Amino acid sequence: MNKFSKNIKKIFIISGGRADYDLLKPIILKLKKMSKIDVKTGVTGSHLFKKNGTHKNFKKDGIMIHHKIKIPFLSDTKKSIINFFSHGVIKFGKIFSNEKFDAIIVLGDRYEIYSAVISASFYKIPIIHLSGGETTLGVIDEPIRHSITKFSNFHFVANNIYKKRVIQLGENPKNVFVVGSTSIENIRREKIISKADIEKKYKIRFKHENFLITYHPVTFAKDYGISDFKNLLNFLSKRKNCGLFFTLPNADVNNFEIIKLIKKFIKKNKNAKLFNSLGKQNYFSFIKCIDAVIGNSSSGLTEVPSFKKPTLNIGIRQKGRVQAKSIINIENVNKKNLVKAFKKIQSKKFKRSLTKVSNPYFKKNSSSNVVKIIKRLKINEIELKPFFDLGRRR
């Protein structure tokens, strides 16, 4: 590979929704303070859905949005999402044809982000990728994430296990940096709202037991995980003395069906409530108040362990991801296994063990280390990127 010839002077950071924004935010804010780097931001995906409006968080955090890549999400069918993806490739391509960037920063595994990556590659723009090397075997995010890794030039990963995976994909170890997850950093910095203030703000009343539930479609399951979710809801319907707090699923195939099931459940169960978008401060505050997180969200594995709270990980969506000992996996979602899991989170022995749980996604000063590395990167247009064979001497 030829030597890179210049530092990054202009960078484009792209966010597709609430999840990646919360991880990108500390990096954006730190990069903005660096006078030698011109930081531009772009939002797309669920940020711009009318029911969400999460792009407003940028203004609240003092971050200007330079590009809004709005693509209509007409339905939750495979055809609609393919159209969404293809329009994303075209619209990002127009931005890259009109404006020159030294690099782009993307995070994760979403199809809207993948559309930006493909466009950037055709315009020979170097790509910096966060959260590579992770595995989520139950969803299409899995191959998308690894594909983004292959398109990318620099990789910021959460731990050494994920670093090895990125190298296994043929990436040069010199360009793979272990930085942890910036979401854990947010937990320590976010001001937690009191239980009383949460109740007042959302007009709710916490009960003796409370659960926060986030369930996304499972792309590679035959029925997209709908039967598992129905089994979970049927089980929860018997727990009338519990507070059940739902958040919306991702914009994936069959997410409308999941939303429909949640709304139907709430109509029949007065102890349940749905929130469109909590935002990180409120979300973290809720976690402090509840007994466990239930569902198949990555947050249950990456963030919740830092609160010393248990996660009931439902189904196969997150299968393969590195886990803390606070995670209880329920791959076969039936009454027997759910009863067993609930008994475990109520046991004194398990509760004591939570105090000693360590989070495999935590690394000190994550966002600061990302920014320090970006500052010293030498970069040019995309050059030849030889496949790094594992047999080569490191």
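In this chain, numbering begins with 1 at the start of the sequence shown. Since the structure is predicted, the reported quantities are computational estimates derived from the model, not experimental observations.
Between the side chains of Ser366 and Glu185, no donor-acceptor pair is found at a separation under 3.5 Å. For the 3.5 Å distance criterion, the side chains of Thr54 and Asn57 fail to qualify, holding no donor opposite an acceptor. Side chains of Glu99 and His66: no donor on one and acceptor on the other come within 3.5 Å.
Classification of the Phe235-Phe342 ring pair by plane angle, with boundaries at 30° and 60°, yields tilted.
Between the CD1 atom in Ile345 and the NZ atom in Lys351 there is a gap of 8.0 Å [rounded to 0.5 Å]. Between Ile69 atom CD1 and Ser15 atom OG the span is 10.0 Å, to the nearest 0.5 Å.
In this structure a side-chain-to-backbone donor-acceptor pair under 3.5 Å is missing from Asp228 to Gly315.
Of the residues Val370, Ile37, Leu24, the one that meets the side chain to side chain contact (heavy atoms under 4.5 Å, CB included) test with Leu31 is Ile37.
At a threshold of 4.0 Å, the pair Glu134-Arg145 does not count as salt-bridged, since none of the basic side-chain nitrogens sits closer than that to a carboxylate oxygen.
Sorted by first and then second residue, the pairs that involve residues 57-70 and meet salt bridge (charged side-chain N to carboxylate O under 4.0 Å, His left out), not counting sequence neighbours, are Lys25-Asp61. Residue pairs that meet the side-chain hydrogen bond (donor to acceptor under 3.5 Å, both in side chains) test with at least one member in residues 242-261, sequence neighbours left out, are Arg110-Asp252, Thr214-Thr247. Screening residues 263-275 for side-chain hydrogen bond (donor to acceptor under 3.5 Å, both in side chains), with sequence neighbours left out, gives Lys240-Asn269.
There is a path of hydrophobic side-chain contacts, each under 4.5 Å, that joins Phe154 to Met34.
Phe101 carries Lys10 over the face of its six-membered ring, with the cationic atom under 6.0 Å from the centre and within 45° of the normal.
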